[in-house]
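Residue indices begin at 1 and follow the sequence shown. Just so you know, ligand 1 is whichever comes first in the structure, and atom 1 is the first atom listed for that ligand. Every value quoted in this text rests on a predicted model; they were computed, and no experiment measured them.
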Amino acid sequence: MTLVRVVSVAMLAGRGWWFVQEKVLLGLPMLGAAAAAAVLLAGPRLLAARRGRGDGRSAGAVVSVLTAGYAALAGLVVTFLVGYPLTPSTALITISLVCAGALLTARAVTAPARNTADADLVQAPKARRAISRRRLIAWTGGAFVVTATGAGTGLSFLPAAESVTLGGGRGRSSRAALSVAHLRGASSPAPGGTVRRHVLTAKKATVRLPSGREIDAWTYNGEVPGPAITANQGDLIEVRLRNADISDGVTLHWHGYDVPCGEDGAPGVTQMTVRPGENFVYRFRADQVGTYWYHTHHASHLGVHKGLYGTLVVRPRDARRADEHAAAEHLDLTLPVHTFNGTVTIAGRDGQTARPTPPGTPTRLRLINTDSDPHRIVLAGTPFRVAAVDGRDLNQPGEVSNVGLHLPAGGRYDLVFLMPDTPVALVVDDDRNGGLRLRPHGDVPDDAHIEDTSDLPELDLLRYGVPAAVPFDIRDADRHFTMVLDRGVALVDGQPTYAHTVNGRGHPSIPDQLVVDGDLVRFTVVNRSLETHPWHLHGHPVLVLSRDGTRSTGSPLWVDTFDVRPGETWEVAFRATNPGIWMNHCHNLPHAHQGMMLRLHYDGVTTPFAGAHGGSAGHGH
Ligand code: C2O
Ligand code: CU
């Protein structure tokens with residue numbers, strides 16, 4: 001078994017030190033030492049027994065063999081409960097627990113058998129002495145184990161010594177503090193733009209799906225998804241959020257939209273949670289074109305799931321393109337995919353939706369994953385291009401067909417094609433009975449057969465499109481932060497939890513990442529766990545550099561959410577040009593709630609909202 005462990009660790013090591021640190025530094029040495037002791041103590045006796053001399057048993061042999069077993073088990077438990085990084089306290093606790101196991105075993109094995117003690121009355125005093133010596137050893141050992149475990153546990157729950165990490169850049173300066181409360185958006189549109197005003201009232205409502213199914217939803221304006229917000233580039237978006245009866249409180253976060261920090265909707269960081277009866281006005285200029293969405297950021301693992309989300313689409317104002325968009329025969333559909341208790345809805349409709357679409361229609365389908373798990377999207381019946389990812393256009397995306405698209409939680413893909421004169425089907429998660437059908441010949445149902453889509457290969461966006469110049473050279477990075485994602489026992493909002501951790505810690509004990517305005521920042525995101533983590537940074541798109549050491553060779557890929565699947569390592573980079581305090585978290589929202597969330601903190605920026613209305617948790621209770 002020990003050999004098997006060594007080989008498997010050696011293989012894992014090829015994926016990076018993060019995957020094996022605790023195994024190499026603690027698990028294997030501990031197991032190696034215990035196994036060596038077992039071989040030395042028990043080996044000769046067992047060999048002798050095999051040759052017919054003795055029965056191979058002795059207290060020392062039994063204890064040493066069992067201790068090797070405890071050490072093997074302890075190594076697995078450390079990997080499971082703690083993972084990366086290995087701390088001295090973890091090592092202390094583990095070694096002391098294995099020692100405790102050895103001591104208890106020794107006591108059990110050497111306890112005098114009652115019947116022989118009776119027979120040997122003459123030796124009673126000596127036996128008593130022997131027992132008390134054993135007791136002494138046991139008590140001292142036990143005391144050591146208890147102290148070491150207690151000290152280790154205490155250590156591991158101490159708050160982070162440093163509340164920021166610097167990523168190799170310089171530390172906090174004494175620059176004048178700037179409050180996020182002052183980092184607000186423009187108050188007027190760009191010349192020629194208009195003001196798009198909305199009032200969104202968060203309230204509970206029963207929503208009826210086309211199938212007749214009723215959902216007890218949390219909504220904006222009684223609708224799920226909430227009102228579609230659209231604008232042309234340069235318009236001013238002004239949204240008044242009111243909370244009618246969501247007692248937990250709500251906010252609006254503009255997912256993927258690089259608004260000024262004070263408009264970002266992170267409760268306890270950029271604003272206070274909006275309680276029932278309260279309101280908050282968001283105002284920002286729609287400078288960024290593309291497909292985005294909005295959602296509550298308070299207790300979002302509940303709120304978004306229950307329906308507090310909607311779409312945000314900004315179209316270019318450039319005359320020619322705007323005309324194209326306005327063309328009567330153009331089809332442009334915004335399709336948020338959301339699951340309510342197992343029922344997949346597309347733009348708020350369950351089951352299958354059909355739509356007449358004349359052949360030759362330029363079509364754009366804007367897919368948005370508003371769930372916490374990835375979706376598999378297949379567009380059957382036509383070649384198409386993935387024109388944009390997370391709202392940002394790709395460079396020369398080629399035509400593809402018969403591929404599956406892996407859409408991360410929170411992510412968006414814009415698919416474009418010319419409607420053929422045969423039907424087109426949008427299939428989500430290989431469910432051929434649901435999804436969207438575009439029919440070239442009016443409303444006439446066609447029974448066009450859709451092939452099974454489940455074995456179609458997945459399109460790799462790191463090799464799609466054509467490379468182009470990027471605005472920085474990563475060799476000039478000013479800061480480099482590594483985030484190792486795992487499961488483990490950690491404090492989350494002060495409670496010991498089996499958490500989703502970043503570098504072994506849970507929110508809010510994960511140190512802030514400090515940056516200075518203008519820094520070129522590099523992230524390495526490593527997934528040691530068995531679940532996919534859609535990583536999402538607020539306020540900045542990141543450029544994907546590589547996955548598992550393989551460089552991105554397609555179009556520059558700028559995303560705000562990227563799926564780090566089990567065992568993967570992603571390298572991404574961005575220029576820090578949007579001052580503020582930004583949430584940086586897993587967009588599987590239950591994971592974020594269970595600890596997987598930290599903050600990117602610009603030097604000098606402060607928040608007056610910390611601890612207010614829902615705490616610093618952002619996704620808190
Ligand atoms: Cu779409 Cu912090 O989230
Ligand atoms: Cu996650």
Side-chain angles (χ1 to χ4, degrees), residues 83 225-226 250-259 261 263-271 273 291-305 307-312 336-338 368-374 390-391 407-412 483-488 490 492 497-503 505-508 510 525-542 559-568 570 578 580-600 614 616-620:
V250 292
T251 66
L252 283 175
H253 166 61
W254 311 95
H255 184 114
Y257 219 72
D258 306 328
V259 296
C261 193
E263 312 292 344
D264 193 48
V269 180
T270 68
Q271 67 172 99
T273 297
T291 308
Y292 303 89
W293 62 299
Y294 62 82
H295 61 79
T296 184
H297 215 283
H298 183 82
S300 55
H301 62 294
L302 294 174
V304 178
H305 178 70
L308 289 170
Y309 71 93
T311 63
L312 167 65
V337 178
H338 194 81
I368 307 176
N369 184 351
T370 64
D371 281 322
S372 277
D373 289 303
D390 287 3
L407 181 57
R412 287 89 61 213
M483 289 170 271
V484 179
L485 315 180
D486 204 353
R487 292 220 75 170
V492 175
T497 312
Y498 189 52
H500 288 276
T501 56
V502 179
N503 300 335
R505 291 179 178 274
H507 181 84
I510 307 169
V525 188
V526 181
N527 186 355
R528 274 184 51 124
S529 78
L530 299 174
E531 286 157 279
T532 294
H533 298 296
W535 202 258
H536 173 55
L537 171 65
H538 286 205
H540 311 70
V542 301
V559 297
D560 46 66
T561 319
F562 52 99
D563 256 350
V564 186
R565 291 189 244 189
E568 286 183 348
W570 287 63
N578 194 3
I581 305 174
W582 300 98
M583 305 309 298
N584 186 17
H585 64 93
C586 176
H587 215 282
N588 180 309
L589 300 174
H591 292 180
H593 178 67
Q594 291 166 63
M596 203 169 259
M597 174 165 55
L598 65 155
R599 305 185 304 184
L600 179 86
S616 59
H619 282 275

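Looking only at side-chain heavy atoms (C-beta outward), Val269 and Arg599 come within less than 4.5 Å of each other. Using a 4.5 Å heavy-atom threshold, the side chains of Asn584 and Met483 count as touching. The closest side-chain heavy-atom distance from His255 to Tyr309 is not below 4.5 Å.
Listed by chain and residue number, the protein N/O/S atoms under 2.8 Å of the Cu ion (ligand 2) are His533 ND1, Cys586 SG, His591 ND1, with waters left out.
At atom 1 (Cu) of ligand 1, the vertex angle linking NE2 of His295 with NE2 of His587 is 110° (nearest 10 degrees).
One of the N, O or S atoms belonging to His297 lies under 2.8 Å away from atom 2 (Cu) of ligand 1. Among the backbone and side-chain atoms of His538, an N/O/S atom is found under 2.8 Å from atom 2 (Cu) of ligand 1. Taking 2.8 Å as the threshold, His255 counts as a candidate ligand of atom 1 (Cu) of ligand 1, since one of its N, O or S atoms lies below it.
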Practice item. Could you please spell out the steps behind the ring pair (Phe, Tyr, Trp, His ring centres under 6.0 Å) verdict for His297 and His585? Key: CA-CA 12 Å; His297 215 283; His585 64 93; 5.3 Å; yes

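Close placement of the His253 and His538 rings is indicated, their centers lying within 6.0 Å of each other. The aromatic ring centres of Trp293 and His587 sit less than 6.0 Å apart.
Proximity of a side-chain donor or acceptor of Asp390 to a complementary backbone N or O of Arg412 within less than 3.5 Å is detected.
Contacts of Tyr292 classified as side chain to side chain donor-acceptor pair (under 3.5 Å), with partners at least two apart in sequence or in another chain: Gln288.
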